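Written below as structure tokens is the structure these notes are about.
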Amino acid sequence: MKKAMSKIALAWLAMAACGAQALAAQEVPVGRVDVRLPGEGWEVHSVENKKIAISGRGYTHDQSYEYKVIVRRGPDRLLDAVLLVRANASGLVGFSGVEFSGAGCTAPARAYAEGDKAGAAARSFRCLRVTPLQRSTALSVFPEDIRSVLSKLDLRLPRTMFGVAAAQYATTGSFATVEAYVRSLAKAPEVENTPANAEASRLGIEATSFQWARQLQEAVSDSVYSIRGKLIVPALNFADEAREPAHLPAQPKIEAPPMRTPASPFAEMG
């Protein structure tokens, strides 16, 4: 009886372990951040780690960061989404006072932006950028880091994708950014008629895309200010068929805020 119970217990533990592994496979560490991905089928590709110089009152600190390209392909090899996630590699850097005097959350024409405007940000800097559905049938529409990964994969590109860049930087030097390209999502129910929703709609951004982008920004901000750094990517409910982009001029590429100016990692943004 005891042997039988032991076998049952071992079998249960083995099943539990398999379940934990399956769950863990959808959590991807990027620096201090753990990215929790919705659904299955994601592939992770590491990119060379880098550093940025962050400055405050009387000091400059070299902050190392990690970033990864995370790709989801459907059963038919169709590219559903691709994420470029960046986050500082260490925990909080041990001091505060990083300056954001060169920051400004702006976007090119026909793209939506919301966040902290140009000028000093006392505690943090936040920026969300969203572009409408645009043609994505060529790898040239993606930034170089994403393009170099996709070019090595056996996949089909969807006709259209929308773009999101969500960023949060804290005065401690911690930060996270997610640059996402996502194919058409299923239409959302009626949304509240707020000025932000109306402006996004005027630019040709679908309500579902805009809702998902704002949820992603909230997840990024929560991750930066949490102790564990958990970043939960919002659920993705893809449309059965890709929709054509709105009849607007060609959309510019959307990019995450640059992090390469020693005086301020945001001086060249906009």
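Worth saying up front: this structure is predicted, and the values here are computed from it rather than measured.
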Side chain Ser201, main chain Asn197, donor-acceptor under 3.5 Å: no
Distance in Å, Ser221 OG paired with Leu216 CG, rounded so as to fall on 0.5 Å steps: 9.5 Å
Test item: Arg110 side-chain N/O and Thr131 main-chain N/O as donor-acceptor pair under 3.5 Å: no
Where Val33 and Ala87 come nearest, the two heavy atoms and their spacing: CG2-CB, 3.6 Å
Shortest non-hydrogen contact from Arg214 toward Ala196: NH2-CB, 3.4 Å
Minimum-distance pair of heavy atoms, taken over all atoms of Leu231 and Ala219: CG-O, 3.9 Å
Nearest-0.5 Å distance, CG of residue Leu236 to CG of residue Asp80: 8.0 Å
N/O donor-acceptor pair under 3.5 Å between Lys68 side chain and Pro29 backbone: yes
Side chains of Thr177 and Val220 in contact at under 4.5 Å (non-hydrogen atoms): no
4.5 Å side-chain heavy-atom contact, Val182 and Val164: no
Asp34 bridged to Arg228 by N-O distance under 4.0 Å: no
same_hphob_cluster(Leu203, Val130) at 4.5 Å side-chain heavy-atom cutoff: yes
Non-hydrogen side-chain atoms of Arg77 and Asp154 separated by less than 4.5 Å: yes
Approximate separation, where rounding is to 0.5 Å, of Trp42 CH2 and Arg73 CZ: 12.5 Å
Pair Arg183-Leu79, side chain to side chain contact (heavy atoms under 4.5 Å, CB included): steps then yes or no: CA-CA 8 Å; Arg183 73 176 180 87; Leu79 177 64; over 6 Å; no
Heavy-atom side-chain proximity of Ser184 to Leu133 below 4.5 angstrom: yes
Test item: Leu78 and Pro158 side chains (from C-beta on) under 4.5 Å apart, heavy atoms: yes
Interatomic distance, Leu153 atom CG to Glu43 atom CD [nearest 0.5 angstrom]: 6.0 Å
Over all atoms of both residues, closest heavy-atom pair of Pro38 and Ala235: CB-CA, 3.8 Å
For Ser136 against Met161, the heavy-atom pair lying closest together: OG-CG, 3.2 Å
Backbone of Ala111 reached by a side-chain donor or acceptor of Arg129 within 3.5 Å: no
Spatial distance of atom CD (Glu27) from atom CD1 (Ile232) [nearest 0.5 Å]: 8.5 Å
Sidechain-backbone polar pair: Ser174 side chain, Val224 backbone, donor-acceptor under 3.5 Å: no
Test log, rule side chain to side chain contact (heavy atoms under 4.5 Å, CB included), inputs Asn237 and Leu185: CA-CA 6 Å; Asn237 183 19; Leu185 298 177; 5.6 Å; no
salt_bridge(Arg202, Glu199) N-O dist < 4.0 Å: yes
Other residues, nucleotides, ligands: >12 heavy atoms within 6.0 Å of Glu218 CD: no
Reported OG1-to-CD distance for the pair Thr106 and Glu114, which is rounded to 0.5 angstrom: 13.5 Å
Val178 and Val233: CA distance, side-chain angles, deciding distance, side chain to side chain contact (heavy atoms under 4.5 Å, CB included) verdict: CA-CA 10 Å; Val178 178; Val233 177; 6.0 Å; no
Residues which pass ring pair (Phe, Tyr, Trp, His ring centres under 6.0 Å) with Phe210, listed by chain and number, not counting sequence neighbours: Tyr112
Shortest non-hydrogen separation from Val30 to Val85 and the atoms involved: CG1-O, 3.6 Å
Ring pair (Phe, Tyr, Trp, His ring centres under 6.0 Å) partners for Tyr67, two or more places apart: Tyr65
Validation row: Leu157, Phe142 side chains within 4.5 angstrom (heavy atoms): yes
Short side-chain to backbone donor-acceptor contact, Ser223 and Gly229, under 3.5 Å: yes
Any side-chain heavy-atom pair of Leu150 and Tyr181 under 4.5 Å: no
Any donor-acceptor pair under 3.5 Å from Gln168 side chain to Phe125 backbone: yes
Full working for side chain to side chain contact (heavy atoms under 4.5 Å, CB included) between Arg156 and Asp76: CA-CA 8 Å; Arg156 296 189 302 112; Asp76 55 357; 3.2 Å; yes
